[in-house]
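Single-structure report; data block below.
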Amino acid sequence: MKYRRLKKTKDIARVLKTGKRAYAETLQMVFVPSKETAMAVCVGKKFGKSVARNRIKRLLREAFRNSAQAISPCSVLLIPKVKEEYSYQAFLRDVKKVLKKEKLLEDPLP
RNA sequence: CGAGCGGACUACGCGAUCGCGGCGCGCUUUGCGCGACGAGGAAAGUCCGGGCAUCGCAGGGCAGGACGCCUGAUAACGUCAGGUGAAGGCGACUUCAAGGAAAGUGCAACAGAAAUAAACCGCCCGCCGAGUUCCCGUUUUUCGGGACGCCCACGGGGAGAAAUUCCCGCGGCGGCAGGCAAGGGUGGAACGGCGAGGUAAGAGCUCACCGACGGAACGGUAACGCUCCGUGCCAUGUAAACCCCGUCCGAUGCAAGUUUGGAAACUUUUCACAUAGGGCUGCCCGCCCGAAAAGUUUCGUGAAUAACGCUCGAGCCCGUCGGCGACGGCGGGCGUAGAUAAAUGAUCGCGCUCGACAGAACCCGGCUUAUCGGUCCGUCUCGGAGA
RNA sequence: GGCCUUGUGGUCAAGCGGUUAAGACGGCGCCCUCUCACGGCGCAAUCCCGGGUUCGAUUCCCGGCAAGGUCA
């Protein structure tokens with residue numbers, strides 16, 4: 001499905017301030033309901049050099065894209081936790097788990 | 001065959017599905033579809049150099065900084081190429097911030113006799129050493145008092161009955177006056193090294209060889225090399241200490257900067273008001289100029305934003321010519337990322353040696369650092385074996 | 001992305017060619033005391049790492065690494 005990127009500093013700050021938080025083993029999700037779905041990934045310097053940070057961002061975006069097939073519109077911030085290794089499978093599992101827990105999925109996944 | 005040396009290249013591959021970025025084309029223009037393209041050798045560190053942009057022009061001097069054998073290459077360089085010299089390696093080859101220490105100043109701990117200059121020990125000649133010594137009083141000498149000294153072994157000769165004493169010689173020891181710099185447990189470094197002659201002992205005092213310095217000829221564009229002659233030689237190290245000499249450098253960096261982001265008029269306040277303040281460079285000369293804030297009225301309203309800068313450039317590939325080479329000339333061909341919270345990923349299948357370091361952010365030329373491996377080249381080197 | 005600064009015991013730090021690498025707080029051990037505190041004595045440093053210059057570098061030079069600051 002299509003979603004927007006959450007880009008502006010102001011928007012991200014608003015989500016961080018007012019959003020509801022949900023936790024899983026490998027990541028944290030912050031979200032507020034909104035008109036259309038928007039998402040951002042937060043990966044700071046503590047995750048390593050640029051190659052490592054880009055890798056995390058790609059994995060998380062892919063996990064979000066493949067798990068949020070049908071989602072009630074909201075602004076989402078995905079914040080991973082610092083680990084030794086990162087895998088797509090773990091991110092996919094945890095994104096699904098977190099979305100399910102907060103009952104954001106309109107149609108339950110098969 | 002083994003061990004090396006130098007150089008060049010490469011950086012998992014193929015297929016399928018879903019997805020991402022800008023571009024082009026098409027459409028029913030929110031968007032959708034199709035198409036080709038889409039990170040590196042270091043994209044990194046930001047250590048140099050240049051383009052580009054702004055500071056009105058980029059002007060002068062000082063300060064400051066960088067570089068430092070020679071010749072060339074280049075837009076330029078601290079880079080590269082070819083040479084010179086020095087050091088290392090059996091060798092192929094590698095490494096080197098490699099100008100000046102007789103312009104001046106500083107520093108050289110500890111050790112050592114002595115540290116940038118000479119004499120502590122030492123070596124040698126002479127003189128003295130059971131009083132031909134010195135001082136005071138008296139004084140012709142004598143005499144009186146005091147100070148210091150009156151060493152050891154051997155040989156020869158003389159006197160004497162002997163103890164002992166006198167003379168001479170040689171050596172040591174001590175003292176005095178000189179000569180010398182050969183030797184001396186140090187040190188990073190001790191007025192050149194080593195051998196011979198020479199000498200009382202010694203010394204470039206003399207000589208040979210090596211080194212140093214000066215001059216000339218020859219070779220080389222030059223650094224420099226080589227030969228000859230001369231000077232017997234005097235002046236340690238450090239300039240990645242200050243410094244001197246030579247060459248170069250205006251500053252700031254794409255968050256530069258340009259356009260839109262409101263414009264115009266009026267009023268008020270604050271600072272400054274000329275030997276002032278601000279700007280152009282840290283300072284001086286020189287040049288330019290008042291600056292900032294608030295309010296009201298009319299049209300206008302997106303604001304760490306949007307567009308430009310932004311990718312065709314000292315570009316890449318092939319051929320050929322010139323050059324030892326870096327590189328340059330000529331001809332032909334190619335169109336090859338331009339994002340802005342920032343694009344390359346996921347899954348499946350097959351193969352293998354099971355995949356390192358790592359992600360463009362204005363662009364180039366270098367340097368440096370990180371890196372699992374693999375491939376190729378060479379009249380290349382050393383060792384072993386065979387023919 | 002550009003431009004700068006700093007690395008010395010656990011912490012804050014001085015030193016800037018030859019030191020046994022000052023000092024303060026803290027830690028540990030011993031002494032003092034009936035005990036604690038105070039006091040006294042002692043111990044603990046790869047001078048961020050690797051090269052170079054020098055007889056000799058914490059210090060000078062070069063290259064890394066790690067922190068921090070600043071510019072719309």
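Convention: sequence-line order gives letters A, B, ...; per-chain numbering from 1. Please read all numbers here as calculations on a predicted model, not as lab measurements.
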Whole-angstrom distance between B/G197 and B/C125, as gauged at atom C1': 22 Å
Which way is the base of B/G262 turned, syn or anti, if we draw the line at 90° from 0? anti
Report the base-pairing partner of B/C209 (Watson-Crick or G-U wobble, both distances below 3.5 angstrom), or none. B/G193
With rounding to the closest Å, how many angstrom separate the C1' atoms on B/G328 and B/A306? 47 Å
How far does the P atom of C/G63 sit from the matching atom of B/A66, given to the nearest Å? 12 Å
State the syn/anti category of B/A39 according to its glycosidic angle, syn meaning within 90° of 0. syn
Sort out the partner of B/G155 for me: Watson-Crick or G-U wobble, both distances under 3.5 Å, none otherwise. B/C168
Answer for the Watson-Crick or wobble partner of B/G4, both distances under 3.5 Å, is B/C380
Salt bridge (Lys or Arg N to Asp or Glu O under 4.0 Å) partners for A/Lys20, two or more places apart: A/Glu102
Report all interatomic pairs (protein N or O, nucleotide N or O of nucleotides 342-349 of chain B) with separations under 3.5 Å.
| unit_1 | atom_1 | unit_2 | atom_2 | d |
| --- | --- | --- | --- | --- |
| B/A342 | OP1 | A/Arg5 | NH1 | 2.9 |
| B/A342 | OP2 | A/Arg61 | NH2 | 2.8 |
| B/U344 | OP2 | A/Arg58 | NE | 3.0 |
| B/U344 | OP2 | A/Arg58 | NH2 | 3.4 |
| B/G345 | O3' | A/Arg55 | NH1 | 3.0 |
| B/G345 | N2 | A/Glu62 | OE2 | 3.1 |
| B/A346 | OP1 | A/Arg55 | NH1 | 2.5 |
| B/A346 | OP1 | A/Arg55 | NH2 | 2.3 |

With rounding to the nearest 0.5 angstrom, report the SG to CG distance, A/Cys42 to A/Leu60. 10.0 Å
Testing A/Glu62, A/Lys97, A/Lys96 for side chain to side chain contact (heavy atoms under 4.5 Å, CB included) with A/Ser67, which one passes? A/Lys96
Rounding to an integer number of angstrom, what distance separates B/G214 and B/G225 when you compare their P atoms? 13 Å
Measuring only the C1' atom in each nucleotide, how far is B/A251 from B/C330? A whole number of Å is fine. 43 Å
Nearest 0.5 Å please: distance from the CG atom of A/Asn54 over to the CG atom of A/Leu59. 10.5 Å
Do A/Tyr23 and A/Asp94 meet the criterion of a side-chain donor-acceptor pair at a distance under 3.5 Å? no
Tell me the interatomic distance from A/Arg53, atom CZ, to B/A44, atom C1', rounded to whole angstroms. 13 Å
Quick one, A/Arg93 with A/Phe91, criterion side chain to side chain contact (heavy atoms under 4.5 Å, CB included). Give me CA distance, side-chain angles, the key distance, then yes/no. CA-CA 5 Å; A/Arg93 190 192 63 224; A/Phe91 279 140; over 6 Å; no
If you measure from the Lys or Arg side-chain nitrogens to the Asp or Glu carboxylate oxygens, is any gap between A/Lys81 and A/Glu25 under 4.0 Å? no
Taking a pair as Watson-Crick or G-U wobble with both distances under 3.5 Å, which nucleotide is matched to B/U267? B/A294
Taking atom C1' in both B/G286 and C/G7, what distance in whole Å separates the two? 46 Å
Whole-angstrom distance between B/G331 and B/U247, as gauged at atom C1': 41 Å
Pick the nucleotide of RNA chain B nearest each of A/Ala40 and A/Ala52; which residue has the one closer to the 5' end? A/Ala40
Checking base pairs now: Watson-Crick or wobble, both atom distances under 3.5 Å. What partners B/A16? B/U347
Can you tell me, in whole Å, how much space there is between the C1' of B/A189 and that of B/A114? 13 Å
Nucleotide paired to B/A337 in any strand shown, Watson-Crick or G-U, under 3.5 Å: none
Rounded to the nearest 0.5 Å, how far does CZ of A/Phe64 lie from CG of A/Leu78? 6.5 Å
Is B/G21 paired to anything, Watson-Crick or G-U wobble with both distances less than 3.5 Å, and if yes, which nucleotide? B/C37
Rounded to whole Å, the NZ-C1' distance (A/Lys49 to B/A43) equals 13 Å
Searching all strands shown, indicate the nucleotide that pairs with B/C218 (Watson-Crick or G-U wobble; both distances under 3.5 Å). B/G225
Is C/U19 in the syn range, within 90° of 0, or in the anti range? syn
